[in-house]
Amino acid sequence: MSDDVRRNLALFPIGIVQKLTELSARQIRYYEQQGLIQPIRTKGNQRLFSFRDVERLLEIKKLIDQGLNIAGIKKALGPAEKPTDVEDLPKEERLAVEGNRNLTDRDLHELLKKELIAQLERPGRPASLIQGELSRFFR
DNA sequence: ATTCTAACA
DNA sequence: TGTTAGAA
């Protein structure tokens, strides 16, 4: 599976995203209402976010700190995109951990580790905002 | 136990 | 934005 696909997979419920971004659930839901993010919904109507969503939320957080309002953030960031539902992946690419809608702390740790390594090998321009944030989970 | 929506002494 | 009630 490509790194691109992996980062787009909807894997995290709002509770995990709160820890990853240190944003309140209220803020995360509000930013969704404003169209800044578009997490997918499970059959039970619960939101699921991808690594990209987490990165985007970290960017939003940064911009908020810099004093921008919603309008300004919409201009600064590109349009929001929906993460990929794991259910839509061909079963050959659907890994065990990714299929679970109930990630254990160990699973999460493993995913963060992979993403961290992937980022180190990915000369991305937007100087990986997520890097410092994710590193926080490896102390 | 978690998350969702709606509403505000 | 926080917080809370009531439901899923």
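Per chain, numbering begins at 1; letters A, B, ... match sequence-line order.
In this structure, A/Glu81 does not pair ionically with A/Arg52, as no charged nitrogen and carboxylate oxygen lie closer than 4.0 Å. Of the charged side-chain nitrogens involved, none lies within less than 4.0 Å of a carboxylate oxygen, so that A/Arg56 and A/Asp53 do not count as a salt-bridged pair.
At C/dT1, one or more side-chain N or O atoms of A/Tyr31 fall inside 4.0 Å of OP1 or OP2 (strictly under the cut-off). Dashed line: the shortest gap from a side-chain N or O of A/Ser24 to OP1 or OP2 of C/dG2 is under 4.0 Å. Taking 4.0 angstrom as the limit, A/Arg47 places none of its side-chain polar atoms (N or O) nearer than this to OP1 or OP2 of B/dT3.
With a cut-off of 3.5 Å on both Watson-Crick or G-U wobble distances, the partner of B/dT3 is given as C/dA7. Base pairing analysis places C/dT1 opposite nothing; no Watson-Crick or G-U wobble pair with both distances below 3.5 Å involves it.
Taking atom OH of residue A/Tyr30 and atom P of nucleotide C/dG2, one finds them 12 Å apart after rounding to whole Å. Separating the CD1 atom of A/Ile16 from the P atom of B/dT2 is a distance of 10 Å, rounded to the nearest angstrom. Remark: P of B/dA6 and CD of A/Glu32 are 12 Å apart, rounded to the nearest angstrom. At whole-Å resolution of the value, CD in A/Gln27 and C1' in B/dT3 are 17 Å apart. The interatomic distance linking A/Asn45 (CG) with B/dA6 (C1') rounds to 14 Å, in whole Å. The distance between atom CZ of A/Arg29 and atom P of B/dA7, rounded to the nearest whole Å, is 15 Å. In this structure, A/Ile28 places its CD1 atom 15 Å from P of B/dT2, rounding to the nearest Å. Here the C1' atom of nucleotide C/dT1 and the CG atom of A/Asn69 are 16 Å apart, to the nearest Å.
Counted within 6.0 Å of CG on A/Asp105, heavy atoms from surrounding residues, nucleotides or ligands total 12 or fewer; the atom is thus considered open.
Mapping A/Leu23 and A/Gly44 onto DNA chain C via the closest heavy atom, the residue that lands nearer the 5' end is A/Leu23.
Closest to the A/Gln46 side chain, of the nucleotides C/dG2, C/dT1, B/dT2, is B/dT2. In the set B/dC4, C/dT1, B/dT3, the nucleotide with an atom closest to the side chain of A/Arg41 is B/dC4. In the set B/dT3, B/dT5, C/dG2, the nucleotide with an atom closest to the side chain of A/Ile14 is B/dT3. Closest to the side chain of A/Pro13, out of C/dT1, B/dT5, B/dT3, is B/dT3.
Heavy atoms only, all atoms of each residue included: A/Leu111 and A/Phe51 are closest at O-CZ, 3.6 Å. Counting all heavy atoms, side chain and backbone alike, A/Leu58 lies closest to A/Leu20 at CD2-O, 4.2 Å.
No hydrogens or angles were tested; on distance alone, a donor-acceptor pair under 3.5 Å links the side chain of A/Arg26 to the base of C/dT3.
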